[in-house]
Amino acid sequence: MKILVVNAGSSSLKYQLIDMETESVIAKGGCEKIGLEGSFCKHKANGKETQINAPMPTHKEAIQIVLDALVDKEYGAIKSMDEIDAVGHRIVHSGEIFNDSVLLTDENMKKIESLTELAPLHQPANIIGVNACKAIMPNVPMVGVFDTAFHSTMPEKAYIFGIPYEAYTDYKVRRYGFHGTSHRFVSNEAAKYLGRENDPNFKVITMHLGNGSSISAIKGGKSLDTSMSFTPLGGVPMGTRSGDLDPAIVEYLAGKYNMTVTETITYLNKKSGVMGISGVSSDFRNLSEAAENGNKRARLALDVFNYSCKKYLGAYAAALGGVDCVVFTAGIGEHDATVRQAIAEDMEYMGIEIDKEKNAHITDGICDISGAHSKVKVLVIPTNEELVIARDTERLAK
Ligand code: ADP
């Protein structure tokens, strides 16, 4: 079976074509500037990258260009479109309607559309991506895999906020959590690696640290709590997002800087986090370099990030009643040894110890960086959200 995985954003569309027999990527790429001047598609197959410059007024043209690229005689990966057995779409929000991936029938699409209010920036783009694929491949099964669904197992006490309960019953204001596909994947990988796949007591804290970051407490493969919240703005400070704040700050800053509420939320989404603190960059490579060269605000931004993540380790160990394994994943979690070191430092009292040498020399695949006396296993696991989407798509399309 060959599955096309599609991740549609407002002006972009990323894709991977995965051969499920070997679970290998046979082609991948992304279209950018959809609906804008100068749109292009970067396509990679057979170890070769090709850039296709073509107008893409809508996602429909973008999908057509991707399909043409996939079957192209020169740089394609398959002979005909018929080889694509199913398409898996990343969808941001499942609300309280879905707790698993679903076939994208007309009925389910209506339900997904009804959740737009909860993710006004992302859900419409995801829906446009699905509709564009459906228009061009009407007979190919489509599956939606949600960012939030994995967290549907959180107990009420973890998802209800300290505001009137009617805000939840009337308007569904609650914690949803995001990055579910990644937390699910790496926690499963950790359980397999440690031989605890079906153990309902396996307690793991997964740290997805990338441009957006979230941390989850997972027991027996079920999410019990997670740091992102009603939207991906909650939790730890991120590349450009503030993370959790005293809500009174919104009104105060809106007044001081003469911003509307919407502008203030944009400020918290796009100008805050380590970018805002440092004034240097949202990219951890640039931050580390600046900090090493004596930039104090870059150092401070890293310290705030690491400290905030460390507090979640303590909090989630308490929530889980102990912890067997900590997993680092995503761009920063997989690649930034100093961040991992700082987060896990001085936690021997909790049974967490990392081996400095192993931490500094990560190998491919799953890497155990636990110290010799660490009671808690500390692992670095590359995430693979596309593979999860492809596996779910295969399961449901069959
Ligand atoms: P997203 O998928 O949320 O856009 P990623 O998971 O790709 O983000 O993570 C992006 C972050 O990972 C950036 O801050 C980047 O600096 C960081 N990163 C990537 N590679 C490295 C590296 N080798 N060392 C340190 N940080 C890295």
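Every heavy atom of this structure was used, including side-chain atoms; hydrogens, water molecules and symmetry mates were not.
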### Query
Taking atom types as modelled and ignoring hydrogens, do the side chains of Ser272 and Ser242 form a donor-acceptor contact shorter than 3.5 angstrom?
no

### Message
What I want to check is whether the side chains of Thr266 and Glu263 have a donor and an acceptor closer together than 3.5 Å.
### Response
no

### Message
For His93 together with Phe178, are the ring centres under 6.0 Å from each other?
### Response
yes

### Task
Could you check if a side-chain atom of Phe185 sits within less than 4.5 angstrom of a side-chain atom of Thr329, using non-hydrogen atoms only?
no

## Note on the structure
Looking only at heavy atoms, the pair that brings Ile389 and Arg90 closest together is CD1-CB, 3.8 Å

### Task
Determine, for Arg285 against Asp336, whether the closest basic-nitrogen to carboxylate-oxygen distance falls under 4.0 angstrom.
no

### Query
Is the shortest side-chain N to carboxylate O distance from Lys192 to Glu197 below 4.0 Å?
no

### Candidate list Lys203, Arg196, Lys377, test salt bridge (charged side-chain N to carboxylate O under 4.0 Å, His left out), partner Asp324, passing option
Arg196

#### Entry: Test item: Ser216 and His151 side chains (from C-beta on) under 4.5 Å apart, heavy atoms
yes

### Query
Is the shortest side-chain N to carboxylate O distance from Lys311 to Asp244 below 4.0 Å?
no

### Task
Return the minimal non-hydrogen interatomic distance between Leu302 and Ala291, and the atom names on each side.
CD1-CB, 4.0 Å

### Query
How many angstroms lie between CD1 in Ile136 and CE in Met81, if you round to the nearest 0.5 Å?
7.5 Å

#### Entry: Heavy-atom check, side chain of Asn131 versus side chain of Met109, under 4.5 Å
yes

### Query
Has the side chain of Ser374 got a donor or acceptor atom that lies under 3.5 Å from a matching backbone atom of Ser370?
no

### Task
Report yes if the distance between the aromatic ring centroids of Phe161 and Phe230 is under 6.0 Å, otherwise no.
no

### Query
Is any side-chain heavy atom of Met154 less than 4.5 Å from a side-chain heavy atom of Thr226?
yes

## Note on the structure
When every non-hydrogen atom of Ile3 is compared with those of Gly88, the smallest separation belongs to CG2-N, 4.3 Å

### Query
Which atom names give the shortest non-hydrogen contact between Val236 and Ser308, and what distance separates them?
CG1-OG, 3.3 Å

### Message
Using a 6.0 Å cut-off, check whether atom CG of Asn53 has over 12 heavy atoms from anything other than its own residue.
### Response
yes

### Message
Regarding Glu394 and Lys398, does a basic nitrogen lie under 4.0 Å from an acidic carboxylate oxygen?
### Response
yes

### Query
Salt bridge between Lys358 and Asp368, side-chain N to carboxylate O under 4.0 Å?
no

### Query
Can you tell me if CG on Asp106 sees more than 12 non-hydrogen neighbours from other groups inside 6.0 Å?
no

### Query
For Ala77 and Ala45, which heavy atoms make the closest approach, and how far apart are they?
CB-CB, 4.3 Å

### Message
Tell me every residue that passes side-chain hydrogen bond (donor to acceptor under 3.5 Å, both in side chains) with Glu345, counting only those two or more places apart in sequence or in another chain.
### Response
Gln341

### Interatomic spacing from CG in Leu320 to CG in Leu224 - rounded to 0.5 Å
6.0 Å

### Message
Between Lys375 and Glu353, is the salt bridge (Lys or Arg N to Asp or Glu O under 4.0 Å) condition met? List the steps.
### Response
CA-CA 8 Å; Lys375 284 199 200 122; Glu353 198 190 317; over 6 Å; no

### Query
Does a side chain donor of either Ser94 or Thr148 reach within less than 3.5 Å of an acceptor in the other side chain?
yes

### Message
Looking at Asp303 and Arg299, is there a salt bridge between them, counting it only when a charged N and a carboxylate O are closer than 4.0 Å?
### Response
yes

### Query
Atom OH of Tyr168 and atom CD1 of Ile160: how far apart are they, to the nearest 0.5 Å?
5.5 Å

### Query
Has the side chain of Asn269 got a donor or acceptor atom that lies under 3.5 Å from a matching backbone atom of Arg241?
no

### Task
Rounded to the nearest 0.5 Å, what's the gap from OG on Ser214 to NE2 on His208? Could you check?
6.0 Å

### Query
Got a salt bridge between Asp100 and Arg395, using NZ or NE/NH1/NH2 to carboxylate O under 4.0 Å?
yes

### Query
Is there a donor-acceptor pair closer than 3.5 Å between any side-chain N or O of Ser80 and the backbone N or O of Asp82?
yes

### Message
I'd like to know if Glu386 pairs up with Lys14 as an ion pair, taking the criterion as any Lys NZ or Arg NE/NH1/NH2 lying under 4.0 Å from an Asp or Glu carboxylate oxygen.
### Response
no

### Query
Considering only heavy atoms from C-beta outward, does the side chain of Val326 approach that of Leu313 to under 4.5 Å?
yes

### Task
Flag the pair Gln123 / Ile91 as yes when at least one side-chain heavy-atom distance between them is below 4.5 Å, and no otherwise.
yes

### Query
Short question: side chain of Arg340, backbone of Asn359 - any donor-acceptor pair under 3.5 Å?
yes

### Query
Looking at the rings of Tyr176 and Tyr159, which for Trp means the six-membered one, are their centres under 6.0 Å apart?
no

### Message
How close do Ala167 and Ile163 get, counting heavy atoms only, and between which atoms?
### Response
CB-CD1, 3.7 Å

Contacts table for residues 20-30: side-chain donor-acceptor under 3.5 angstrom, sequence neighbours left out:
residue	atom	partner	partner atom	Å
Thr22	OG1	Ser24	OG	2.6
Glu23	OE1	Arg391	NH2	2.9
Glu23	OE2	Arg391	NE	2.8

